[in-house]
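Remember, it's a predicted structure, so these values are computed and weren't measured experimentally. FYI, the numbering just counts along the sequence from 1.
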Amino acid sequence: MPDYIIAIRSLGSSPYLENELRQIYAQTVQPKEVLIFIPEGYKRPEFQIADEQYIQVKKGMASQRLRSYDDVKTDYILMLDDDVSLQPESVEKLLEEAKKNKTDIIGADTFCNYKLPFSKKLYAAITNLVLPHFSQKWAFKILPNASFSYLNNPRKNYYPSQSCAGNVMLWKTESYNSLKMEDELWIDNLPFAYGDDMLESYKVYKNGRKLGVVFNSGIKHLDYRSASDSFRKSPDFIKKRTLAQIAVWCRTCYQPEKSNFKKKSLAQFCFILKKLWQFKLFLLLSLIKFNFSYIGNYIKGLKEGWKFVHSEMFKNLPPYVIR
């Protein structure tokens, strides 16, 4: 069985972290090392389960994950959030599928979109154009407008995919290092790193590497949302999310297609349609609630997003697709 280390990003306050560590040390295949990355200014928990190490890093969702792992000697790096639960054989299942399918990264379907009630599927489709698909080729597909499409009727345990959730990512160490993932630390310059999961995992697919998703890993998402809750409750959440959507779309769907006029035009057209559709939704919401801060923040987000992707910093980023 391949060997691996575990890298967890945490603020140190998750009520699930202690139990998650106990579950890690109960795995049928043990990690060589468990590293927990906590941002500067946050305290590590008082408990110590075994020999896990706490490392302070620069604050930021990406900064806690997109580290330099050049000195890692194991075959794989399992990146986790601090609010997942694992069954004893969960990591073994991931390692087996990764080895069998020769993946560069493998994720776990912890959000189970296909199991959502129809009302929630409809809400996702209307608000963010997140749509189901029935092709048995992909677990998740990224659309030209940067929304994703999920397999609505999985029949197997493993499927190739174009992206995966960020709370469970089993990276082949060599693949992670070769894809220069630290180039994506720019997302921490945003008010919130909304869309970081797609930014990181879609880079694997766009660079011609192999990404897969396992559906019965036994890993569950407990949804603590320690960092995102304050973001979602802020009055200008709409502005910040709109800004991030523009930046992530530009980086992942538009910039890589600059040399392909047809694909570039399709990405532009689909994204403009998406933004126009959301404009109508926020305008309607403002009229219903008689509160025009919704549409106002959306327009501010569009302006700030346009300004951000035309900044010198963003324009001078290394290519997303590495030639």
Of the non-hydrogen atoms in [X] and [Y], which two are nearest, and what is the gap between them?
{"X": "Phe192", "Y": "Ala244", "answer": "O-CB, 4.3 Å"}
{"X": "His133", "Y": "Ala139", "answer": "CE1-O, 3.6 Å"}
{"X": "Ile219", "Y": "Ala108", "answer": "CD1-CB, 4.5 Å"}
{"X": "Cys253", "Y": "Ile142", "answer": "SG-CG2, 4.2 Å"}
{"X": "Ser14", "Y": "Asp82", "answer": "OG-O, 2.8 Å"}
{"X": "Leu94", "Y": "Ser217", "answer": "CD2-CB, 4.2 Å"}

Legend entry - Evaluation steps, side chain to side chain contact (heavy atoms under 4.5 Å, CB included), between Asn128 and Gln278: CA-CA 8 Å; Asn128 206 34; Gln278 290 178 331; 3.1 Å; yes
Should [X] and [Y] be regarded as members of a common hydrophobic cluster, given that ILVMFWY residues are connected when their side-chain heavy atoms come within less than 4.5 Å of each other, either directly or indirectly?
{"X": "Leu131", "Y": "Leu116", "answer": "no"}
{"X": "Leu80", "Y": "Tyr25", "answer": "yes"}
{"X": "Leu276", "Y": "Ile295", "answer": "no"}
{"X": "Leu302", "Y": "Leu284", "answer": "no"}
{"X": "Phe111", "Y": "Met79", "answer": "no"}

Inset, instruction - Determine the interplanar angle of the Trp249 and Phe271 rings, folded into 0 to 90°, and report it as parallel if under 30°, tilted if 30 to 60°, perpendicular if over 60°. - result: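 Answer is parallel, since the angle falls under 30°.
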Inset, instruction - Describe, in one word, how the ring planes of Phe308 and Trp186 are oriented to each other, choosing from parallel (under 30°), tilted (30 to 60°) and perpendicular (over 60°). - result: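 Tilted, since the angle between the ring planes falls between 30° and 60°.
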Legend entry - Selection residues 107-116 - residue pairs positive for side-chain hydrogen bond (donor to acceptor under 3.5 Å, both in side chains), sequence neighbours left out: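 Listed once each, the pairs are Thr110-Asn167.
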What's the spacing between [X] [atom1] and [Y] [atom2] if we round to 0.5 Å?
{"X": "Leu170", "Y": "Tyr4", "atom1": "CG", "atom2": "OH", "value": "9.0 Å"}
{"X": "Ile6", "Y": "Glu20", "atom1": "CD1", "atom2": "CD", "value": "8.0 Å"}
{"X": "Asn297", "Y": "Arg241", "atom1": "CG", "atom2": "CZ", "value": "12.0 Å"}

Donor-acceptor contact present, side-chain [X] to main-chain [Y], <3.5 Å:
{"X": "Gln27", "Y": "Glu92", "value": "no"}
{"X": "Asn207", "Y": "Arg209", "value": "no"}
{"X": "Glu184", "Y": "Glu200", "value": "no"}
{"X": "Ser286", "Y": "Asn291", "value": "yes"}
{"X": "Asp236", "Y": "Lys239", "value": "no"}
{"X": "Asp104", "Y": "Ser175", "value": "no"}

Legend entry - Residue pairs fulfilling ring-ring contact (aromatic ring centres under 6.0 Å, His included) with at least one residue in residues 272-299, sequence neighbours excluded: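 Residue pairs with at least one partner in residues 272-299: Phe282-Tyr298.
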Inset, instruction - Might you work through the side chain to side chain contact (heavy atoms under 4.5 Å, CB included) test for Tyr205 and Ile105, ending with a clear yes or no? - result: CA-CA 10 Å; Tyr205 170 77; Ile105 178 176; over 6 Å; no
Crowded around [X] [atom1]? As in, over 12 foreign heavy atoms under 6.0 Å?
{"X": "Phe118", "atom1": "CZ", "result": "no"}
{"X": "Lys315", "atom1": "NZ", "result": "yes"}
{"X": "Lys210", "atom1": "NZ", "result": "yes"}
{"X": "Lys300", "atom1": "NZ", "result": "no"}
{"X": "Lys99", "atom1": "NZ", "result": "no"}

Decide, yes or no, whether a salt bridge links [X] with [Y] under the criterion of side-chain N to carboxylate O below 4.0 Å.
{"X": "Lys307", "Y": "Glu304", "answer": "no"}
{"X": "Glu97", "Y": "Lys93", "answer": "no"}
{"X": "Asp75", "Y": "Lys172", "answer": "no"}

Inset, instruction - Under the side chain to side chain contact (heavy atoms under 4.5 Å, CB included) rule, what do Thr252 and Tyr320 come out as? Steps first, then yes or no, please. - result: CA-CA 7 Å; Thr252 61; Tyr320 190 67; 3.5 Å; yes
Legend entry - Check: Tyr54 and Gln48 side chains under 4.5 Å, non-hydrogen atoms: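 Heavy-atom side-chain distance check passes, below 4.5 Å.
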Do [X] and [Y] get their side chains close enough for a donor-acceptor pair, meaning under 3.5 Å?
{"X": "Gln136", "Y": "Tyr159", "value": "yes"}
{"X": "Asn101", "Y": "Thr103", "value": "no"}
{"X": "Gln245", "Y": "Lys275", "value": "yes"}
{"X": "Asn157", "Y": "Asn216", "value": "yes"}

Which pairs of donor and acceptor atoms, one on a side chain in residues 31-43, lie under 3.5 Å apart (sequence neighbours left out)?
{"residue": "Glu33", "atom": "OE2", "partner": "Gln53", "partner atom": "NE2", "Å": "2.8"}
{"residue": "Tyr42", "atom": "OH", "partner": "Lys59", "partner atom": "NZ", "Å": "3.4"}

Legend entry - salt bridge (charged side-chain N to carboxylate O under 4.0 Å, His left out) partner of Asp196, chosen from Arg9, Arg251, Arg65: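 It is Arg9; the other options fail the test.
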Inset, instruction - Dump the intermediate steps for side chain to side chain contact (heavy atoms under 4.5 Å, CB included) on Lys262 and Leu266, then the final yes or no. - result: CA-CA 6 Å; Lys262 187 175 180 180; Leu266 177 63; 5.9 Å; no
